[in-house]
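On a predicted model such as this, the values are computed, not experimentally measured, just so you know. Chain letters run A, B, ... following the sequence lines, proteins first, then strands; residues in each count from 1. Side-chain atoms are counted along with the backbone in the values below, which use heavy atoms only and exclude waters and symmetry mates.
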Amino acid sequence: MSDMKELISLMKELEDQVVVCMRCGMCQSVCPLFAETGRESDVARGKLALLDGLMKEMFENPNGVNERLNKCLLCGSCAANCPSGVHVLDIFIKARAVLAGYMGLPAAKRLILRGMLAHPEIFDRLAEWGAKFQNIFTKPVNEAVGTSCARIVSPLIGNRHFRPLAAVPFHQKIPYLNTSPGHSGIKAAFYVGCLMDKIFPHVAQAVIDVLTYHEIGIFMPEHQGCCGIPAISSGDTKTFESLVRHNLEKFEAESFDYLVTPCATCTSTIKKIWTLMVRDDGRGIKERVRKISEKTLDINQFLVKHVGVKPGVLKKDREVISIAYHDPCHLKKSLGLAAEPRALIQANPNYHLKEIPESDRCCGLGGSFNLYYYELSANIGTKKRDHIASSGCSTVATGCPACMIQLSDMLSKAGDRIAVRHPVEIYAESLKP
Amino acid sequence: MISQALLKEFKEKAGQENVFTEKADLVTYSYDAAVLEPVLPGVAIRPASGEALSQIVRLCNENKIPLTVRGAGTNLSGGTIPLRDGVVVLTNALTKILEINEADMYAVVQPGVVTAKLAAAVAAKGLFYPPDPGSQAVSTLGGNVAENAGGLRGLKYGVTRDYVMGIQFFDVNGEIVKTGSRTVKCATGYNLTGLLVGSEGTLGVFNEITLKLIPLPAHQKAMVAVFDNIDKASETVAAIIAHRIVPATLEFMDNFTIRAVEDYSHVGLPTDAAALLLIEVDGYPAQVEEDAEKVELLCRQKGATSIRVAEDAAERDSVWTARRSALSALAKLKPTVVLEDATVPRSRIPDMVRAMQDIAKEYNISIGTFGHAGDGNLHPTILTDRRDKAEWARVEAAIAAIFDKALSMGGTLSGEHGTGLAKSCFLEKETSAATIIYSRKIKTALDPNYILNPGKIIGR
Ligand SMILES: Cc1cc2nc3c(=O)[nH]c(=O)nc-3n(C[C@H](O)[C@H](O)[C@H](O)COP(=O)(O)OP(=O)(O)OC[C@H]3O[C@@H](n4cnc5c(N)ncnc54)[C@H](O)[C@@H]3O)c2cc1C
Ligand code: SF4
Ligand code: SF4
């Protein structure tokens, strides 16, 4: 992103999008961050005004703007409710790229992003090491949720109740798959996603089980890379583009009808951010991205719309479990998917779906927002926790591993005995005899 | 410039963390929803108590620093655009509903309470706070009172003014002034409440507001009537009122707006219609049914080409979704939206709508008109791109022409969006030179240092 020409062309695109904001202020009513702080620089209108100011050269130094721009969950609540149709997230992501390009990445971030994410093999290995060593530093605290907390006070972990890395990540269990479709006639590529691979391998397993049950051919290439969202939301277009290229190569090795993922954030990134942010390389990369993103589907949507879910049987000897559902921002606000994950849960008669108030309110994780503004993130998350707890459910499902991490942290801290799961797990359960 | 010593005092009174001086914060308090140039304040302060609020007002006066109170900053007339290097006082930390009195049907609130939050809180107790500006999800009651905000229910239920029973506010010295009471009747003292409602932060700073509540209507019925000609729609409005039916809402949309809404939300509006009326009656179930039938009949008699009565809550929602998306649908057409507010006597609506169409043609700009037909409060909405200098000049000329038209029909510059900066130079046209002088005398007497939101309404 050091290429001046690219910076300038991004700035131009930004300008045309930023002027669309009519400063009506309606985004104040939905921004979870503004609800906590009441500060205009935290809400979309304020951030857009800052970008406008930046472009009009009101600031000698972009640090203040940069800092405020990065204090954002990128939840898209503002964009989903904006009467003027401002593409707020596109703007924020482009602006982060511009600013990062301008100022250069901070050394620590550069190291993490370029060193780890950009090289999937190294990332995998680090995570494997982490899994081995983490037991030394952490102890199980809440079995129902399945979290651990810092056994010794660690500055990185703080007082988070985080979901531990899985002992065996999914890619180690099943490194590669390429099966032919059965009677379904559908071949699906399976993009696992980092968090599913490393923290929730059982969700990835559930996906395999469900696809296998429906006789869908599966293509799962080895060494899948991160979707790039952590990189691009830090403005690191270089790492982002190298990840996109890496994944394209892996998945282009086989032909398939759909690419599915159980991670709402990955789906939304591939469908929206890849197409938005990958720059033309003169060798047809945009076209390659377009092709793959068109085929990309959230697993819930794929099963409900393209496969058809099979209603499970009621297990007589067991009590029906009441289950709540949290709408991930990247499913509902970004992709408009709310009915599909619910349909998947409801296919299992052993669960009873209970709606919670404001089910589509952001959980407050917001990727690196949680690292930099943990207290705010936790305050927002606590509201979500309260809504979940008020429903009296014993399980909560959600379609995004990032939300799963946040809900686990919040529920565990409050001492709730509520399990956090993915709709596909609930569905997979009902297919088992 | 604000001195370091004064900043220190602000911090002492309001708390270090509630005083913002970084440029990147100040830029975010330099604008509101009006299409006007932003102005950078010198400091923004977010007091967390009435006590702190009073001290800030006093300090500003003592130091002769202009002060602009800011609620949600959604006003459309520049009311919260501060003075350069002035003070912006945020009320959004003063968000307590202090009391909801069910027996005496009133509520007492701090100025930063969001309109929709109060409405929901009282509705939960079977009570009703009717003023519902389109911005109610974010607008503050302080801002509503200071702008005398209206809404969709103005025809039957009136506007904010009709619900303000009393205000406790700070004068420039930070002293408490009390107006009105918690009783339905009150005949003591001057009617200062009347003076302060709509004062746009120029005469005092509200600290507590007492609002009248009424019983929640038990039942509603909504319908959409389609017309192939604006006059028929307007005659229908007149006929409904002449038959002594007062709908809670009686909204109008012109063809331009209908097409925009339909393109945007595909709710099934007839894009060839000249006008739509969206009507809702409310009250006791039996009376509502009877009124709805009468209204339907009147629409037919006056030549509506079709009428759709909402049979259930979902259909009713879709009627209001169509109306609510009017502004969004228009806003999406062009980068800049100028939402005007000129209001005419009800009977002049067809003339006014036609005048808007003529003005759009004459100045070669796009105008969509929708609004509150029942009370003559139309919102001609100009769609443009401010960066296009030539077009912007035509837009400014068109705005002046709209005002002239409205005044020539015995109307007013603003039905509900206030005067602020945007219309202050036109005010004399509507009133008289003596009116401005009289108003300025009041201002000078109450605020001799001109620190309370100077420049708004009556200019300088
Ligand atoms: C999308 C949209 C739809 C709208 N629809 C309507 C509508 O239907 N009807 C309508 O009437 N308006 C409407 N408006 C205009 C606007 O929302 C109203 O004027 C509203 O009352 C402003 O409230 P606010 O909290 O944003 O006030 P602000 O904009 O923050 O302030 C408005 C004025 O009030 C003063 N003020 C605020 N608090 C205090 C206080 N505590 N003491 C003294 N002065 C104070 C300010 O100084 C300023 O002059 C709309 C605006 C938008 C953007
Ligand atoms: S809701 Fe949209 S147009 Fe309105 S202020 Fe927010 S971003 Fe701007
Ligand atoms: S993306 Fe979310 S946190 Fe960021 S401004 Fe929009 S609503 Fe607020």
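Applying the side-chain contact (heavy atoms from CB on, under 4.5 Å) criterion to B:Ala121, with sequence neighbours excluded, gives B:Ile97, B:Ile100.
Chain A forms the most heavy-atom pairs under 4.5 Å with one residue out of B:Gly73, B:Ala329, B:Pro38, B:Ala93, and that residue is B:Gly73. In terms of heavy-atom pairs under 4.5 Å with chain B, the best-connected choice from A:Gly64, A:Gly38, A:Gly46, A:Gly25 is A:Gly38.
Looking at A:Cys82, only its backbone comes within 4.5 Å of chain B, counting heavy atoms on both sides. Residue B:Leu330 does not touch chain A at all, counting heavy-atom pairs closer than 4.5 Å.
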Please tabulate, one pair per line, the donor and acceptor atoms of chain A and chain B that lie under 3.5 Å from each other, or say none if there are none.
unit_1: B:Glu22; atom_1: OE1; unit_2: A:Arg68; atom_2: NH2; d: 3.1
unit_1: B:Lys23; atom_1: NZ; unit_2: A:Met58; atom_2: O; d: 2.5
unit_1: B:Asp25; atom_1: OD1; unit_2: A:Arg39; atom_2: NH2; d: 3.1
unit_1: B:Asp25; atom_1: OD1; unit_2: A:Ser41; atom_2: OG; d: 3.4
unit_1: B:Asp25; atom_1: OD1; unit_2: A:Arg68; atom_2: NE; d: 3.1
unit_1: B:Asp25; atom_1: OD2; unit_2: A:Arg39; atom_2: NH2; d: 3.0
unit_1: B:Asp25; atom_1: OD2; unit_2: A:Arg68; atom_2: NH2; d: 2.9
unit_1: B:Tyr29; atom_1: OH; unit_2: A:Glu40; atom_2: N; d: 3.1
unit_1: B:Tyr31; atom_1: OH; unit_2: A:Glu40; atom_2: OE2; d: 2.7
unit_1: B:Arg46; atom_1: NH1; unit_2: A:Thr37; atom_2: O; d: 3.3
unit_1: B:Arg46; atom_1: NH2; unit_2: A:Thr37; atom_2: O; d: 3.4
unit_1: B:Ala72; atom_1: O; unit_2: A:Gln28; atom_2: NE2; d: 2.9
unit_1: B:Ala72; atom_1: O; unit_2: A:Arg45; atom_2: NH2; d: 2.8
unit_1: B:Gly73; atom_1: O; unit_2: A:Arg45; atom_2: NH1; d: 2.7
unit_1: B:Asn92; atom_1: ND2; unit_2: A:Gly38; atom_2: O; d: 2.8
unit_1: B:Lys332; atom_1: NZ; unit_2: A:Pro83; atom_2: O; d: 2.8
unit_1: B:Arg387; atom_1: NH1; unit_2: A:Asp16; atom_2: OD1; d: 3.1

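The distance from the CG atom of B:Leu327 to the SG atom of A:Cys24 is 7.5 Å, given to the nearest 0.5 Å.
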